[in-house]
Structures are given as structure tokens and as C-alpha cells.
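One structure is given here, and the rest of the page talks about it.
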Amino acid sequence: MVQLNYTTEGICLKYTDINDIYLKATELKGKTFGEIDKQGRLDNHFNKGGYGHVIEESHFGYSINSDRNPDFNEAGVEMKVTPIKKNKNGTYSAKERLVLNIINFNTEITKTFRESDFWKKNEILLLIFYLYNKELSRTNQKIIDSLIYKYPESDFKIIKNDWQHINNKIKAGKAHELSEADTMYLGACPKGANKANGMIVQPNSYIKAMRRAYAFKQSYMTSLVRKYVKGNETNKRIISKPSDLEKHSFEQLIKKKLSPYKNMTEIKLKRKFGINSKAKNINEILLGEMLGIDGKISKSEEFIKANIIPKTIRLNTNKTITESMSLSPFKYEELINELWEDSNLRHLFSSTKFLFVIFKFDSDKVLRFYDIKLWNMPLEDLDQAFKKVWQKTKDLVNNGDIVKRISKLGIRTTYFPTKSDNPVGHVRPHAQNAQNTYPLPVKDQLTGLETYTKHSFWLNNTYILKQIKDLI
DNA sequence: GCATGATCATGC
DNA sequence: GCATGATCATGC
């Protein structure tokens, strides 16, 4: 029910019932923020929380608070306004992660999950989705739909484990090492304009850490969008019994499921699952079958929500790895306009987990399934070493300094950072052939070329080997 | 021998 | 037609 309360600030409404809140929220559908805003808040372009404030004030008749309680405290509902975007292929995605409350490092570590600021504030969410259109002003952005969101049990267990992981890291004095890619659905994202003014003290360490907020990953939000807002897409879960997640992590459960297949040859696995494909992602298909998903593992619910990318590693008999690991090609024109903090490369590694699927050659040179590892790049490697690779590549493209010389057979040597230049990664071609190119923003000085063979950032084979050292 | 450049094979 | 995952070929 809705109560009228008389306060010193005048009359204000109190929603005590979730259904009343939801009913009121449904009236927003199809409206623009300009139509809702009675206070002219959106004229202030610096007011980032503007959309949420407009709806709280003008639509629900609430005064703004920013305390540790949910927005609709009596009903225990926290309201969030969040953008979705339409993709070129017609599907919809979340435009960004959903940022929740700031983490108080000092108090949060003294609490259990149920007592935590995170749970206290975000147990039930009212999500209001608007369609982001960059051609339109803030007042003309339109609301698409609203949703009262309570976590499904399977998500809840994973989120609880994520919270625990974040909490453990802060307790250990490692708040400065927190990466969004550490966790599955709930992450600790940077909060603050930049490193210069966002650094705060943390418990159990003298090193200052970036201020951080809880956030649901963009991948998690996208799956919500596709299930509840635009479409009813569902994907098969790997962990069918959520209660299994009480005693084991997601990674441990996968390992357990895969243990019967350990040491089986690739050939036997293919025969077992009736797969004839010679596709280069055959191992991804095999892994899906081993985990009981029909098809590619990247289509499972957990992999989509947590943004996990499977990668195959082939371990030699002498415990080395022959090949480095490729990523998607970058566009030269995009690269030179990026800042490191918002770059595609940094974004990839700070939000993505990788599932290393390790096959090992036996003494007869037969490939056998060996082990898996869920991995994400430590922030230090990303912001120190790998950043240098990115910076050098950017500078070279910017200066048109790409080709060093051309061999008799026409093979070109470049100035791009090589494996020996950097402990983490390097830059190499990644294309169908040398004629498969992207435009260059600056002509190559030596050759005068205006387009160049697609290149990718690669992870060094030696770096990969280090990351799986504990398994071999 | 292996680092670096080039290209393959499939499927969406 | 090309993105993606992967592996081959050249030359230092």
C-alpha cells in the first residue's frame, strides 16, 4: 500500500508494497525522461545520476537519499535505471555494467553476506531499462520496460560466492588487486573519475587501492535483457543443482564433471560424442559435450553471464607450449583514438575470464585431455607489461612506422612489438591472408600502404605456460 | 630451433 | 563473406 507521510519537508509518499511499486513503474513504459521530469534536472549535464533522480522525484514522489538503505526502504527495493543498446545484427545488449553501492572496505569485511551492505541494499531490484540512442538528447531517451528482479537460486549462489571472493581479497589486504574479471557475475568495479583522485586507504595493507563499487557485469546484464526485456532467450546451465555451489566453486564443479574424461585421447572423445567435425574449435565442442551441454560451451548460461571465453592449450610432452594465443584483430583506426583506461584491450582483460582447456601430447604424440583452468589476467600484468605492448603499437600506427623491410619472397618484417620485447604479449598478423586488411589512419612510411594486414594482440606462449604452472 | 609472418578450415 | 580458433612456413 501507499502511505502519505507528513515530514518537515512536506508530504511524501511511502511505498510499502512491491506490487504497488511495480504497478507505478509500468506507467513509465514508452515515456521519455523529458516527459517525466518535472524539476528540470536533466538540463544539468553534469548530474550523472540524473535519470534515477528524475524517476524517484517526479514519478514516485520520493526525496533523494544516498544512504545504505534501499531506495524504497519500507519495501526493501532498490531502484536502478540502466541503458540497453541495439546491435547491428538486431539483437539487444546491456550498454554497460550495472553499478551498485560503493564498497566500504573497512566495514564490509566484518560482515557476513546476509549482513553486508551489498545484500542490505540490493536484495530486490527495480530495474528500469531505457533504450540508449546516441543521436538523441538526454530528455528524449525512452524507457522500454521495468522489471522487479529477485535473483534466481542458481544466480544467487554464484553471486554469494563472488561476494565472498571480493571480501576475502579485501581482508587479505589486496583491495588494490581486485579485478572485475576475478569473479563471475558480481564484480568490484572502479569507482571514481581516475586513479589520481580515486585512491583510498584499505585495511591490512599500506598500499592505497582504488575506490570500488559492486557491479553486475555487462555480460550478466545482457543476459537479463535478452531473457526479460527483449526476447526470452534461455541457455542451458552447466551446474544443474545450485546447492552444489555451497561447498564448491564453479571451477571446482567443472573440474569434477570433467574428471572422468581425463587422459582420454581427442580421437576417442570425438568418437564417444559422435563428432566428425574438423573445425578448429573442435575442443570447444568436445568440452561442451563433456559438460553435458548440447553444442558449444560458450552458449551455456554460466559462460554467457560470466563472460568466459574457452581457449585450448596444447601442452608438449616436454611441458612446453608451441603456439602463442591469439585474440581478435584490432582496427588500426580505433586503436590510435583510444586511451588505455577505455581501450578495447584493457576492457577485454579486465572483464573477461578465460577457460584454459589443456590437452597434452603423450609419448606417442597422441593428444589427450589433461585439465582445465579458469583464469583472468592479474591487473598488474595488464596495466604494466601489456600496456606497453599496446602503447608501442599505437605509437607505431600513429607514426606510419609499420614495415621494416620486405624479403625476396615478399614477406614483410614489421616494427610491431615481438615476443622477445615483452613478458606478456606481442603483436602479429591474424588474417585469412596478407591481403585481408584494415585501413590505416596514417600511410605506412616505407611502403606507402593505406591498408594493412589485420593484426592481433597475442599472449606469449611462455606467459601462458607460467599461468598453468601449478597444474603441470 | 624458434620467433615471426602468413594462412588454413570451418561455420555462422 | 568473413570472424574465429588454430596451425603452418619462412628466415634469422
Side-chain angles (χ1 to χ4, degrees), chain A residues 87-91 233 235 266 270 275-289 294-299 303-304 307-332 334 344-345 348 352 354-361 365-367 369 372 375 389 392-393 396-397 401-439 444 446-447 449 451-465:
Chain A
N87 302 313
K88 280 179 191 157
N89 65 6
T91 60
E233 188 180 294
N235 300 95
E266 197 181 25
K270 279 168 83 170
I275 295 166
N276 300 315
S277 168
K278 283 178 187 160
K280 293 213 168 182
N281 65 350
I282 183 71
N283 293 327
E284 193 187 340
I285 297 166
L286 284 179
L287 189 74
E289 294 287 349
D294 204 13
K296 284 163 49 168
I297 191 65
S298 56
K299 299 291 176 205
F303 275 53
I304 290 173
N307 192 19
I308 301 172
I309 297 177
K311 288 280 185 188
T312 304
I313 295 170
R314 305 200 316 174
L315 197 59
N316 297 322
T317 316
N318 65 359
K319 298 185 179 177
T320 61
I321 298 171
T322 305
E323 301 291 349
S324 295
M325 191 175 278
S326 65
L327 307 168
S328 294
F330 55 82
K331 294 194 170 76
Y332 302 107
E334 283 181 8
N344 284 317
L345 187 67
L348 175 76
T352 309
F354 293 84
L355 182 77
F356 292 152
V357 184
I358 308 166
F359 283 80
K360 190 177 177 184
F361 286 104
K365 308 241 164 148
V366 176
L367 212 49
F369 173 63
I372 56 135
W375 175 86
V389 179
K392 187 176 174 194
T393 307
L396 291 170
V397 173
D401 265 343
I402 298 177
V403 182
K404 193 189 275 180
R405 63 174 167 274
I406 304 175
S407 80
K408 283 177 196 163
L409 286 175
I411 292 174
R412 300 170 298 193
T413 308
T414 69
Y415 290 108
F416 285 131
T418 64
K419 195 159 96 75
S420 48
D421 293 339
N422 192 279
V424 176
H426 61 278
V427 169
R428 254 165 70 196
H430 189 186
Q432 285 164 306
N433 54 50
Q435 285 71 49
N436 186 209
T437 61
Y438 278 136
D444 178 56
L446 185 77
T447 60
L449 287 170
T451 66
Y452 203 74
T453 311
K454 293 177 182 175
H455 275 58
S456 292
F457 292 101
W458 295 63
L459 294 181
N460 296 347
N461 53 354
T462 44
Y463 179 72
I464 300 291
L465 188 64

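This structure is a prediction, so every number in the text was calculated from the model and none was measured. Here is how names work: the chains are called A, B, and so on, in the same order as the sequence lines, proteins then strands, and each is numbered from 1.
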Residue-phosphate contact under 4.0 Å: A:Thr312 side-chain N/O, C:dA6 OP1/OP2: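 Checking A:Thr312 against C:dA6: at least one side-chain N or O falls below 4.0 Å of OP1 or OP2.
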A:Ser326 side chain near C:dT4 phosphate (N/O to OP1/OP2, under 4.0 Å):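 Checking A:Ser326 against C:dT4: no side-chain N or O falls below 4.0 Å of OP1 or OP2.
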Could you tell me how far apart [X] ([atom1]) and [N] ([atom2]) are, to the nearest whole angstrom?
X	N	atom1	atom2	value
A:Ile464	C:dG5	CD1	P	14 Å
A:Ile309	C:dT4	CD1	P	10 Å
A:Leu459	B:dA3	CG	P	15 Å
A:Phe330	C:dA3	CZ	P	15 Å
A:Ile313	C:dG5	CD1	P	14 Å
A:Tyr452	B:dT4	OH	P	14 Å
A:Leu465	B:dC2	CG	P	13 Å
A:Leu287	C:dA6	CG	C1'	16 Å

Among A:Asp421, A:Asn460, A:Thr418, A:Thr393, side chain to side chain donor-acceptor pair (under 3.5 Å) partner for A:His426: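 For A:His426, the side chain to side chain donor-acceptor pair (under 3.5 Å) check succeeds only for A:Asn460.
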A:Tyr438 vs A:Arg428, nearer the 5' end of DNA chain C by closest nucleotide: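 The residue whose closest nucleotide sits nearer the 5' end is A:Tyr438.
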DNA chain C: 5'-proximal contact among A:Ser324 and A:Pro329 (nearest heavy atom):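 The residue closer to the strand's 5' end, by nearest nucleotide, is A:Pro329.
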To the nearest 0.5 Å, what is the distance between [atom1] on [X] and [atom2] on [Y]?
X	Y	atom1	atom2	result
A:Phe354	A:Ile308	CZ	CD1	11.0 Å
A:Asn235	A:Lys299	CG	NZ	8.0 Å
A:Thr453	A:Asn436	OG1	CG	8.0 Å

Using 30° and 60° as the class boundaries, would you call the ring planes of [X] and [Y] parallel, tilted or perpendicular?
X	Y	value
A:Phe330	A:Phe457	tilted
A:Trp375	A:Phe356	parallel
A:Tyr452	A:His455	tilted

Neighbours of DNA chain C within residues 405-425 of chain A, by heavy-atom distance under 4.0 Å: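 Contacts with DNA chain C under 4.0 Å: A:Ser407, A:Leu409, A:Ile411.
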Protein-to-nucleotide contact annotation, 5' to 3' order, nucleotides 7-12 of chain B [B base; S sugar-phosphate only; - none; under 4.0 Å, heavy atom]: BBSSS-
Steps toward side chain to side chain contact (heavy atoms under 4.5 Å, CB included) verdict (A:Asn461, A:Thr322): CA-CA 7 Å; A:Asn461 53 354; A:Thr322 305; 5.7 Å; no
Residue pair A:Arg412, A:Thr447: steps toward the side chain to side chain donor-acceptor pair (under 3.5 Å) verdict: CA-CA 10 Å; A:Arg412 300 170 298 193; A:Thr447 60; over 6 Å; no
